[in-house]
Amino acid sequence: MEFRWLLFVLISSSAMLITQSDTTTKDPDWSDVVVTMVGREVTLPCVDWPLTGSVSINWKMKSPGVDHWKLVLSANERQQFSGAASKASMRLVDSNFQETGDFSLLFVPKMEDKGRYSCLIKQQEKKLREKIILLAILTVSIFPSATLPHHSTLRLMAEVSPASAVSEVTWLSPGGTPLRLARRSGGGVAKLPQIRLTDQGVYICQVYPRGNSSSPMFPFTVDLRVDGMNVASFTNISHSAQISMASLTQTPLTLACPPMRGDYVLLYWKPPDSRNINTTTLVYGYDRWRDRTEQSKTHAQLSLDGPLSTPKEGFFSFLLSPGQNDGGLYMCEVFFNDNAFSQRTLLSILQVKARHSPSALVLTCHYTERSQVKRVVWSHQNQSRTLKWSSSGPGRLSTEVPLSPTQDTAGNYTCTMQLQNGQAVKAVYTVKLPLKDNTESTTSISPPHPESNSASLLPSLLSALLLLVPLVAAVAGVLLWRQKDISRRGIEQSLSHYSGEVENIYENPEDVRQTSPQSSVYMDLKPRGEDDVYEELDRPSHPHQL
C-alpha cells in the first residue's frame with residue numbers, strides 16, 4: 001500500500017513539473033511577427049491556397065492590454081466593407097483573393113495600430129483557417145539631426161512597441177561594424193561621440209523578431225551627413241572646485257574626474273611652472289562607445305585605472321606614477337550628450353637628488369609647480385642641529401654634508417614641501433657612517449701585506465710541510481746516529497775545534513773563554529743522553545770565574 005502511494009506521488013510530481021515546463025516554454029500566442037515604422041506602408045501576410053465556392057475573409061484587430069477584438073475589414077467574393085477599426089489606407093492586397101489564395105492586408109499604420117491581427121478564412125460559412133499576426137512599430141530617433149555638426153555626439157535610438165515582439169535590436173555602421181548598444185526593453189541606444197566626416201553614411205538598424213516570423217530580420221536604414229563647416233560647441237560646462245595635490249616621484253596617485261556618467265573623457269595637461277596658456281596638450285582620451293583610446297607618449301605612465309574608474313560604464317579616474325617633470329595642471333573633462341563636466345587638479349612633484357663635490361655630499365630638493373608651494377625646508381633627524389641651505393635656481397633647495405660623515409652628520413636628511421592648502425610631503429635621504437676599519441674594507445684593492453695573506457697561504461704551507469716530513473725524518477736519523485758515535489768517543493773529541501776547510505759547527509770552550517764578554521753570545525752545548533742531543537753548557541757569568 002505504501003509503495004503504491006509513493007508511486008502515485010512521484011507520478012503526480014512529474015506531471016506537475018512537465019506542466020510547469022510547458023507553461024514556461026510556451027510559444028507566443030501569435031504565428032507571425034511584422035515590424036514596421038509609422039507612416040511606412042506595411043503588409044500583414046495571410047496566404048492560403050485557392051478556394052472554390054463561397055469564401056469570405058475577416059480581419060480583426062486587438063490592441064495591447066485590450067481583451068476584445070474589433071473588426072477591421074470583411075470581404076467575400078461579391079463585396080468588401082470595413083469595420084470600426086479600419087483605416088482609410090486599409091485594403092486587401094489582392095481583391096481576387098478567392099482564386100489566388102492571397103488574403104494579405106495592406107495599410108499605412110500609426111502608433112496606435114500596433115497589436116494583434118487575426119486573419120480568419122471561412123468557406124461555406126465554416127471556419128477554415130485562422131492566423132494571428134503581431135504588428136510591432138519601430139521608432140528611430142536621431143540626435144542632434146540627420147545633418148550633424150562636426151565633433152557632436154550622434155545618438156541613434158531605436159525602440160520597438162510592444163517590446164515582447166522582438167528579441168534583439170542592433171545598429172551597424174556604414175562599414176558594417178556593429179555599434180555598441182545600451183540596451184533597453186524592446187530596443188537600445190547607440191552613440192558615436194566626436195563625430196567626424198569619415199563617420200557619415202548609411203546606418204542600419206536591424207530588428208530581430210521573437211518567436212515565429214515570416215522574416216528573420218527587419219532592416220531599417222538611416223542616411224547621416226556631417227557638416228564639416230559647423231563645429232559643435234559645448235557651452236553648458238560645469239566646473240568643479242580645483243584640487244591641489246603634492247606627491248613624490250614614482251608614487252602612484254589618483255587624478256580625479258567629475259563623478260558623472262559620460263560618453264567619453266579627455267585629459268589635458270599644462271606643464272609645471274608654465275606661463276604660456278598655449279602649452280596645454282591632450283594626453284589621454286577614451287571613447288567608451290567605440291572602446292577607443294588615444295594616449296600621448298609623454299605620459300606612458302598614465303592609465304585609466306583609478307579607484308573610481310569603470311570606463312566601459314562611463315565613470316572615469318586616472319592613475320599616475322609621476323616623474324619629476326609630470327607636475328602641472330591636469331584638466332579632466334567628461335562629456336555626456338551635449339553637456340560637459342570639468343575637474344582641474346594642480347600637482348606639485350618633490351624629488352631629492354645627491355651629488356658629490358670635492359669636499360661634500362650635496363643634497364638638492366627639486367620641486368615643481370611653485371605657484372602653489374608655500375615653503376620648502378631641509379631638516380636633520382637631530383632636531384637640535386641647524387642646517388645651512390642654498391638655492392641654485394627656482395625650484396631647487398640644497399644642503400651639504402661634509403665628506404667622511406661623523407656620528408653627528410650621518411643620519412636622515414628630510415626635505416619637506418608644504419602647499420598653500422596645508423598639504424605636505426617629505427622626501428628622506430639617509431647618510432650612512434663609513435666602516436670603522438678602512439684598511440680592512442679596502443684590503444681587496446690595496447697592495448698585499450705579508451700577514452694579510454696568511455689565510456690564503458695556509459694551504460700552500462701545509463702542502464710544503466707534508467713534503468718536508470720525509471726529509472726531516474732523515475735528518476733526525478742522521479743526528480741520532482751521530483749522537484751515538486760521539487758518545488762513544490767522549491765529550492772532548494765532540495767539542496774539539498776542526499781546522500781547515502771544514503765548517504766549525506760547535507765552538508771550543510777554550511775559544512769561548514778567550515773571547516771578550518762584549519763579543520757575540522755563543523751557546524755551549526753538551527750531550528745529555530740517548531734521547532736529547534744537546535743542551536746549553538753552564539757558562540761563567542764573569543771571566544775571572546773560569
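The structure displayed is predicted, hence computed values, not measured ones.
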Given Tyr286 and Asp291, is the side chain to side chain donor-acceptor pair (under 3.5 Å) satisfied, shown in steps?
CA-CA 7 Å; Tyr286 177 72; Asp291 196 20; 2.9 Å; yes
Pairing of [X] and [Y] as salt bridge, 4.0 angstrom limit:
| X | Y | value |
| --- | --- | --- |
| Asp29 | Arg116 | yes |
| Glu125 | Lys122 | no |
| Arg183 | Glu168 | yes |
| Arg290 | Asp263 | no |
| Arg225 | Asp227 | no |

Over 12 non-hydrogen atoms of neighbours within 6.0 angstrom of [atom1] in [X]:
| X | atom1 | answer |
| --- | --- | --- |
| Arg375 | CZ | no |
| Gln372 | CD | yes |
| Glu112 | CD | yes |
| Lys374 | NZ | no |

Any residue meeting side chain to side chain contact (heavy atoms under 4.5 Å, CB included) with Ala232, in chain and number order, not counting sequence neighbours
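Side chain to side chain contact (heavy atoms under 4.5 Å, CB included) check on Ala232 returns Pro149, Ser152.
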Non-hydrogen side-chain atoms of [X] and [Y] separated by less than 4.5 Å:
| X | Y | result |
| --- | --- | --- |
| Ser317 | Pro307 | yes |
| Gln420 | Val373 | no |
| Pro64 | Lys114 | yes |
| Leu120 | Trp59 | no |
| Trp69 | Ser118 | yes |
| Pro45 | Asp32 | yes |
| Val55 | Ile57 | no |

Rounded to the nearest 0.5 Å, what separation is found between the [atom1] atom of [X] and the [atom2] atom of [Y]?
| X | Y | atom1 | atom2 | value |
| --- | --- | --- | --- | --- |
| Lys70 | Ser86 | NZ | OG | 11.0 Å |
| Thr36 | Leu135 | OG1 | CG | 7.0 Å |
| Leu154 | Leu192 | CG | CG | 5.0 Å |
| Leu363 | Arg355 | CG | CZ | 10.0 Å |

Do any pairs count as a salt bridge (Lys or Arg N to Asp or Glu O under 4.0 Å) and have a residue in residues 336-348, sequence neighbours left out, and if so which ones?
Arg155-Asp338
Just one of Val140, Ile204, Val189 clears the side-chain contact (heavy atoms from CB on, under 4.5 Å) bar with Trp171, so which one?
Val140
Check against salt bridge (charged side-chain N to carboxylate O under 4.0 Å, His left out), Asp113 and Lys87:
CA-CA 9 Å; Asp113 294 329; Lys87 304 295 177 184; 3.3 Å; yes
May I have all residue pairs that pass side chain to side chain donor-acceptor pair (under 3.5 Å) and include part of residues 93-103, sequence neighbours excluded?
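Those involving residues 93-103 are Asp94-Thr100, Asn96-Glu99, Asp102-Ser104.
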Quick one: is the NZ or CZ of Lys131 closer than 6.0 Å to the six-membered ring centre of Phe103, and within 45° of its axis?
no
Given the rule in the side chain to side chain donor-acceptor pair (under 3.5 Å) test, do Asn337 and Thr153 qualify, once you have shown the distances and angles that lead to the verdict?
CA-CA 6 Å; Asn337 294 339; Thr153 298; over 6 Å; no
Applying side chain to side chain donor-acceptor pair (under 3.5 Å) to Ser213 and Ser215, what does each step give before you reach the verdict?
CA-CA 5 Å; Ser213 175; Ser215 177; 5.4 Å; no
Using atom types as modelled and distance alone, determine if a side-chain donor or acceptor of Arg210 lies under 3.5 Å from a backbone N or O of Val166.
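Absent.
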Please verify the inter-ring angle class for Tyr330 with His299; under 30° counts as parallel, over 60° as perpendicular, anything in between as tilted.
perpendicular
Describe, in one word, how the ring planes of Tyr284 and Phe318 are oriented to each other, choosing from parallel (under 30°), tilted (30 to 60°) and perpendicular (over 60°).
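If you compare the ring of Tyr284 with that of Phe318, the planes turn out perpendicular.
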To check you understand the geometry: which heavy-atom pair defines the closest contact between Gly115 and Tyr117, and what is its length?
O-CD1, 3.6 Å
